[in-house]
Student: 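Here it is, the structure, as structure tokens.
Because the structure is predicted, anything quoted here is derived from the model rather than measured.
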2 protein chains.
Amino acid sequence: MEKQTITIYDVAREANVSMATVSRVVNGNPNVKPATRKKVLEVIDRLDYRPNAVARGLASKKTTTVGVIIPDVSNIFFASLARGIDDVATMYKYNIILANSDGNDEKEINVLNNLLAKQVDGVIFMGHHITEAIRGEFSRSKTPVVLAGSIDPDDQVGSVNINYQEATKEATDLLAKNGNKKIAFVSGALLDPINGRERLAGYKAALKENGLKYSEGLVFESEYQYKAGIELSQRIINSGATAAYVVDDELATGIANGLIDSGVKIPEEFEVITSNNSLLTDVIRPGLTSVTQPLYDIGAVSMRLLTKLMNKEEIDEKSVILPHGIVKKGSTK
Amino acid sequence: MEKQTITIYDVAREANVSMATVSRVVNGNPNVKPATRKKVLEVIDRLDYRPNAVARGLASKKTTTVGVIIPDVSNIFFASLARGIDDVATMYKYNIILANSDGNDEKEINVLNNLLAKQVDGVIFMGHHITEAIRGEFSRSKTPVVLAGSIDPDDQVGSVNINYQEATKEATDLLAKNGNKKIAFVSGALLDPINGRERLAGYKAALKENGLKYSEGLVFESEYQYKAGIELSQRIINSGATAAYVVDDELATGIANGLIDSGVKIPEEFEVITSNNSLLTDVIRPGLTSVTQPLYDIGAVSMRLLTKLMNKEEIDEKSVILPHGIVKKGSTK
DNA sequence: GTGAAAGCGCTAACAG
DNA sequence: CTGTTAGCGCTTTCAC
């Protein structure tokens, strides 16, 4: 004998009112006489009634749920964004459906359609690059989308980022001003717009301003992994570079430890600047000078922007740029 | 003029079949003549029909969504579990609603009720301890629950863990065998069963086996933070300990760096073993010897267990224990 | 301030 | 193999 789920109808009957009235008190509609409200609340409590959000979603066409597409939650960078997203979502009474994509183009599309099928009210997308296909899906649906820490070359949807170009320029400039003539640029896939378009441009701009010439031999593409950094350190030494700007902390720690193991003194003989100022940069010795980006805030602001879009509020600016900085530690002079 | 959402009914009309038939092909029911299936599929494609999962959820009383309550996704430990959970969830066609609780008792209850209102088919709970209140909510609802990396003193629900007691005993034993007479036990809140019941018991057992006496002066409670570790290192030195077992990597790196900064040589003068073998233990020099626990797998197995519970399959064992290990690095002799 | 009634889009017997 | 018919539990006009 299954325990019968109790519905709004049961409450209505017990309280001698209509379903409509129960619905009103549940939703805090003011048009209810205090006395009846009290009576209804009483019955709700007595029957231990719990509103069914699915039924509500079907009737109201709103699920108070947003989809979050993320390359990998177990990556500290994205996890920080996710935390910011969830906190603001909670603040506005939304839940998030979290889906990992591994940055895989096909998975991203599958996951997006899945989320749309679940009638999410909005989507936050994180990814290294935006394919034509996914952009097509975005515009095909009326569901609002915000990119968090991700760049769409022709921005049709909302987005929140720092100015990657400027940040990289400043980091490279610091290295140049310290007297380095050969500065390595160590990045992930240059196909990703943040690396290949924004950061590389900033790097080149800084070289130019400092009268240094650009050389492809100083540009390295790599996976964002500690081990990859260890291995890469040899090639960097061989390139003749005396400093490096690295786009990822894990990679940067690998490079730094690799250099140290090879007897290279940091920062005396080689300077390093990394990009995310995560805990790794403090644990390693010497500490790594780093660009700072407000990861949590990027997530939080993305979600805030999405709430506005979902409410069809007027948006002053669809592309939000948050401030960045540089914090100096032991890996630069 | 709003774009009309197209429904199963539209497809039925266009294909000259009933809703039921459309529903059958959408759900892969084999009882459909190939010819009609083809016709329906064609119309679905032409009309660009997308099934509405909310309506389906209401009608079928299944949402293919599970709730995941997590203290903090931006903590690498929990993020790893979450990744394992999501991968297996995806494998079984479920989505996860992720909700951060900050380990806060009240939030946990709110979040759980919220998830239940959304009619999730199951819940995975991660938390440092299980309060009476939340346990009450668990049993009040018929929704299956699995604890991941969390211990319920009287286990009424499913759970997946390693044997924390055994692992701690082995770690402490290693330290004792290396000749240390005063071994510190550095933990988070001892109120949490994993620390206060399992790990502490393992620590005591190892001391006993090695003829060492237990002293409260060697037991430290702390936040799981790098900075806390730095500060704690002084107190540990003062305690006269020559080795420490630490329950958290971030805390352990703080302690190790704090000791090194105070001129203590690791491992010659002080040995350290930590618990999660995260990247931090490789980045710091010397590398930290660590207990290894299969974080991703704990998440994955939890979700797998939950699918069985949701399917009402027979379970051989509700409490799953996964294997652990110890990996030696530079912080022990 | 309150009620009646019509759906929201889909699944699930039950017939045939 | 296919169609009919009830709902699932709630929101939302529209009356009164």
Side-chain angles (χ1 to χ4, degrees), chain A residues 2-41 43-44 47-65 93 114 116-121 142, chain B residues 2-41 43-44 47-65 93 114 116-121 142:
Chain A
E2 281 290 315
K3 183 170 53 173
Q4 178 65 47
T5 57
I6 89 104
T7 74
I8 201 173
Y9 181 77
D10 299 312
V11 176
R13 183 170 27 72
E14 290 285 312
N16 287 312
V17 296
S18 72
M19 298 168 51
T21 299
V22 178
S23 177
R24 287 192 187 95
V25 347
V26 168
N27 294 296
N29 184 318
N31 291 28
V32 181
K33 206 195 308 180
T36 57
R37 174 189 309 282
K38 181 158 175 289
K39 185 174 55 176
V40 171
L41 250 17
V43 175
I44 285 180
L47 264 43
D48 191 27
Y49 164 73
R50 319 272 201 105
N52 179 323
V54 172
R56 173 181 294 170
L58 182 59
S60 69
K61 293 175 173 292
K62 287 200 186 66
T63 55
T64 60
T65 302
K93 309 287 185 198
N114 189 222
L116 261 17
K118 293 225 164 149
Q119 311 299 117
V120 294
D121 297 335
K142 294 194 60 79
Chain B
E2 282 288 316
K3 182 170 53 172
Q4 178 65 47
T5 57
I6 89 106
T7 75
I8 202 174
Y9 181 77
D10 298 312
V11 176
R13 183 168 28 71
E14 290 284 313
N16 287 311
V17 296
S18 71
M19 297 169 54
T21 299
V22 178
S23 177
R24 288 193 186 94
V25 346
V26 167
N27 293 296
N29 185 318
N31 291 26
V32 182
K33 204 197 309 181
T36 55
R37 175 189 307 283
K38 181 158 175 288
K39 185 173 57 178
V40 170
L41 250 17
V43 175
I44 285 180
L47 265 44
D48 193 27
Y49 164 73
R50 320 273 201 102
N52 180 324
V54 172
R56 172 181 296 170
L58 182 57
S60 69
K61 294 177 171 291
K62 287 201 186 69
T63 55
T64 61
T65 302
K93 310 288 185 196
N114 189 223
L116 260 18
K118 293 224 164 149
Q119 312 298 117
V120 293
D121 297 334
K142 294 194 56 82

Student: Got a sec? Which of residues 21-36 of chain A come in under 4.0 Å of DNA chain C, heavy atoms?
Tutor: A:Thr21, A:Arg24, A:Asn31, A:Val32, A:Lys33, A:Thr36

Student: Can you list everything that forms a side-chain contact (heavy atoms from CB on, under 4.5 Å) with A:Lys62? Sequence neighbours excluded, please.
Tutor: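 Applying side-chain contact (heavy atoms from CB on, under 4.5 Å) to A:Lys62 gives A:Ser60, A:Asp121.
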
Student: What are the bounds, 5' to 3', of the part of DNA chain D that sits under 4.0 Å from heavy atoms of chain B?
Tutor: D:dC1 to D:dG9

Student: If every non-hydrogen atom of A:Tyr49 is compared with every non-hydrogen atom of A:Ile6, which pair is closest and at what distance?
Tutor: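 For A:Tyr49 and A:Ile6, the tightest heavy-atom pair comes out as CB-CD1, 3.3 Å.
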
Student: Which residues pass the side-chain contact (heavy atoms from CB on, under 4.5 Å) test with A:Asn27, sequence neighbours left out?
Tutor: A:Ser23, A:Arg56

Student: Between which nucleotides of DNA chain C, 5' to 3', does chain B make heavy-atom contacts below 4.0 Å?
Tutor: C:dG9 to C:dA12

Student: Just report the end-to-end axis angle for the helix from C:dG1-D:dC16 to C:dG16-D:dC1, five pairs per end, to 10 degrees.
Tutor: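 Axis-to-axis angle, ends of the helix: 30°.
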
Student: Just to verify, what does B:Arg50 make a side-chain contact (heavy atoms from CB on, under 4.5 Å) with, not counting sequence neighbours?
Tutor: A:Asn113, A:Leu116, A:Glu137, A:Arg140, B:Asp48

Student: Is B:Gln119 close to B:Thr63 at the side-chain level, that is, under 4.5 Å between some pair of heavy atoms?
Tutor: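 When only atoms from C-beta onward are counted, B:Gln119 and B:Thr63 do touch, with a gap below 4.5 Å.
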
Student: Please list all pairs passing the salt bridge (charged side-chain N to carboxylate O under 4.0 Å, His left out) test where one or both residues lie in residues 18-36 of chain A, with sequence neighbours left out.
Tutor: none

Student: Under the rule for salt bridge (Lys or Arg N to Asp or Glu O under 4.0 Å), what residues qualify as partners of B:Asp10, not counting sequence neighbours?
Tutor: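 With sequence neighbours excluded, B:Asp10 shows a salt bridge (Lys or Arg N to Asp or Glu O under 4.0 Å) to B:Arg13, given in chain and number order.
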
Student: Residues in side-chain contact (heavy atoms from CB on, under 4.5 Å) with B:Ala55, at least two apart?
Tutor: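 A:Leu58, B:Asn52.
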
Student: So which heavy atom on A:Ile8 is nearest to which on A:Val22, and how close?
Tutor: CG1-CG1, 3.3 Å

Student: Compare every heavy atom of A:Ser18 with every heavy atom of A:Ala12, then report the nearest pair and how far apart it is.
Tutor: CB-C, 3.7 Å

Student: After noting the C-alpha distance and the side-chain angles of A:Lys118 and B:Thr65, does the key distance pass the side chain to side chain donor-acceptor pair (under 3.5 Å) rule?
Tutor: CA-CA 10 Å; A:Lys118 293 225 164 149; B:Thr65 302; 2.9 Å; yes

Student: If you look at every heavy atom in A:Val54 and B:Gly57, which pair is closest and at what distance?
Tutor: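 Shortest heavy-atom contact: CG1-C, 4.0 Å.
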
Student: Return the set of residues passing side-chain hydrogen bond (donor to acceptor under 3.5 Å, both in side chains) with A:Lys39 (not counting sequence neighbours), or none when no residue passes.
Tutor: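 A:Lys39: no side-chain hydrogen bond (donor to acceptor under 3.5 Å, both in side chains) contacts found.
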
Student: Is any side-chain heavy atom of B:Val25 closer than 4.5 Å to one of B:Ile44?
Tutor: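 Yes, their side chains come closer than 4.5 Å.
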
Student: Under a 4.0 Å heavy-atom cut-off, which of residues 12-20 of chain B touch DNA chain C?
Tutor: B:Met19, B:Ala20

